[in-house]
Protein chains: 2
Amino acid sequence: MARAGLTAERVTEAAADLADAVGFENMTVSALARSFGVKDASLYSHVRNLQDLRERVALLAAGELADHIGAAVAGRAGKDAMTAFANAYRDYALAHPGRYAATQAVQPDPAVLAGSTAYIRTIELTHAMLRAYRLVEPDLTDAGRLLRSAFHGYITLEVNGGFRHSRDVQRSWERGLDGLHILLENWPADPSRHAAEQ
Amino acid sequence: MARAGLTAERVTEAAADLADAVGFENMTVSALARSFGVKDASLYSHVRNLQDLRERVALLAAGELADHIGAAVAGRAGKDAMTAFANAYRDYALAHPGRYAATQAVQPDPAVLAGSTAYIRTIELTHAMLRAYRLVEPDLTDAGRLLRSAFHGYITLEVNGGFRHSRDVQRSWERGLDGLHILLENWPADPSRHAAEQ
DNA sequence: GCAACTACTTAATGACTCTAGGAAGCATGG
DNA sequence: CCATGCTTCCTAGAGTCATTAAGTAGTTGC
């Protein structure tokens with residue numbers, strides 16, 4: 001009985017690669033076992049179940065994404081940082097569609113989430129990037145949500161073939177970033193805030 | 001052998017309801033058959049396969065969504081139309097998560113798409129709404145893509161629990177719409193266009 | 001060189017998709 | 001009233017997948 005040398009980490013890595021290759025929803029325990037040349041049941045020594053495997057892939061990907069963005073925005077500020085952030089985000093998602101899908105499709109349970117900084121780091125990077133636009137809470141959160149939504153929505157639509165018009169997607173994206181920069185520079189004052197400002 | 005009186009339409013409707021109830025990815029042929037009190041195989045007289053069923057649900061939902069938005073924006077213009085559009089979009093998605101997921105998860109093949117106006121209508125409504133902001137091509141397409149991305153991204157993140165901060169999501173959404181309005185009013189001129197303007 | 005642990009196996013169950021072939025309901029024309 | 005034929009639904013069965021239980025064969029610690 002030859003041993004394949006599996007570990008939870010190696011299984012997770014392979015699962016992530018498989019997801020990138022065949023799509024996150026086609027990343028099955030069976031296919032993964034096949035890629036290792038072992039039986040399905042063997043994987044259950046390393047991973048609790050499919051849900052657990054997906055969570056692991058999601059955390060792996062969220063960490064990689066945060067690293068990628070972090071490296072891109074380092075030493076930049078303002079529009080420079082914003083576009084670097086956006087392009088890093090999009091590049092990662094397009095290069096690793098299965099991994100990216102994992103970060104979105106899986107909502108890890110709070111306990112797992114608390115033990116990992118992967119998800120939180122991206123949000124922190126967003127806030128850091130937005131501070132150059134002189135936004136303060138709650139505008140920071142609101143603008144951050146809108147930005148993440150725009151990035152995520154754009155990529156999802158792009159990957160799923162939502163942009164059928166002939167207009168070049170890359171050029172469209174760049175123009176969208178120009179627009180978002182303008183938006184951040186002109187972020188409207190909250191009409192419902194009077195006393196709160198210091 | 002009592003007949004259940006199934007038709008493709010009735011099956012599609014029930015599938016859409018089931019998707020809303022249990023989630024799009026849990027909308028199975030088996031569960032659907034069970035809800036009708038018939039055997040799995042019986043459904044294959046009305047629907048080619050699971051993929052076909054999903055496409056039908058997607059087209060149904062896309063049509064409903066377009067109707068809903070169309071009714072909301074009728075007789076409105078400018079910011080009024082934009083927020084009506086956005087709120088109709090979000091309301092539908094939140095009220096019918098399974099149907100909405102279908103519109104995103106399924107990319108119907110081009111032949112099916114050509115035979116239906118469901119998807120195209122939403123894009124046309126977007127363009128109509130944007131014309132009040134005096135945008136012309138290709139800005140119309142670029143701004144439209146950014147808007148759809150922002151709406152879609154926001155809703156996806158909201159539904160998947162992506163907004164974990166304590167800040168009220170509804171208020172955040174409204175502020176995001178304020179921001180998008182400002183953005184559309186200040187849509188930047190394309191620096192790469194010189195000769196093209198008349 | 002034995003005990004304990006771990007990695008991987010076989011075997012089985014139950015959910016699911018889908019096909020083939022058959023029978024029972026329902027309409028039509030004689 | 002009945003034969004014809006279409007449609008609706010059935011039974012039966014194959015193949016994929018997730019998951020568990022129980023066992024066996026490497027590997028490690030003493």
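Computed from a prediction, not measured in an experiment: that's the story for all the values here. Throughout, protein chains are lettered first and strands after them, A, B, ... in sequence-line order, and every chain is numbered starting at 1.
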Visitor: Run the salt bridge (charged side-chain N to carboxylate O under 4.0 Å, His left out) check on A:Lys79 and A:Asp178 step by step: do they pass?
Guide: CA-CA 9 Å; A:Lys79 185 176 183 184; A:Asp178 289 345; 2.9 Å; yes
Visitor: Rounding to an integer number of Å, can you tell me how far B:Arg3 CZ sits from D:dT8 P?
Guide: 7 Å
Visitor: Can you see whether A:His181 engages A:Tyr133 through a side-chain donor-acceptor pair at a distance of less than 3.5 angstrom?
Guide: yes
Visitor: Take the C1' atoms of the five end pairs on each side of the helix from C:dG1-D:dC30 to C:dG30-D:dC1, get both axes, and report the angle to 10 degrees.
Guide: 0°
Visitor: Any side-chain donor-acceptor pair under 3.5 Å between B:Arg164 and A:Gln107?
Guide: no
Visitor: Produce the list of close N/O pairs, under 3.5 Å, pairing protein atoms with atoms of nucleotides 11-18 of chain D; give distances to one decimal.
Guide:
from, atom 1, to, atom 2, distance (Å)
D:dC17, OP2, A:Arg34, NH2, 2.5
D:dA18, OP1, A:Val29, N, 3.1
D:dA18, OP2, A:Val29, N, 3.0
D:dA18, OP2, A:Ser30, N, 2.8
D:dA18, OP2, A:Ser30, OG, 3.1

Visitor: Mind calculating the distance between CG (A:Leu6) and P (C:dC5) to the nearest angstrom?
Guide: 21 Å
Visitor: Could you tell me the separation between the CG atom of A:Leu32 and the C1' atom of D:dT19, rounded to a whole number of Å?
Guide: 15 Å
Visitor: With B:Leu6, which residues qualify under side chain to side chain contact (heavy atoms under 4.5 Å, CB included), at least two apart?
Guide: B:Ala4, B:Val11, B:Phe36, B:Val38, B:Leu43, B:His46
Visitor: How many whole angstroms separate atom CG of A:Leu43 from atom C1' of D:dA21?
Guide: 17 Å
Visitor: Can B:Arg99 and B:Glu13 be counted as an ion pair, charged N to O under 4.0 angstrom?
Guide: yes
Visitor: Rounded to whole Å, please give me the gap between CZ in A:Arg48 and P in D:dT20.
Guide: 10 Å
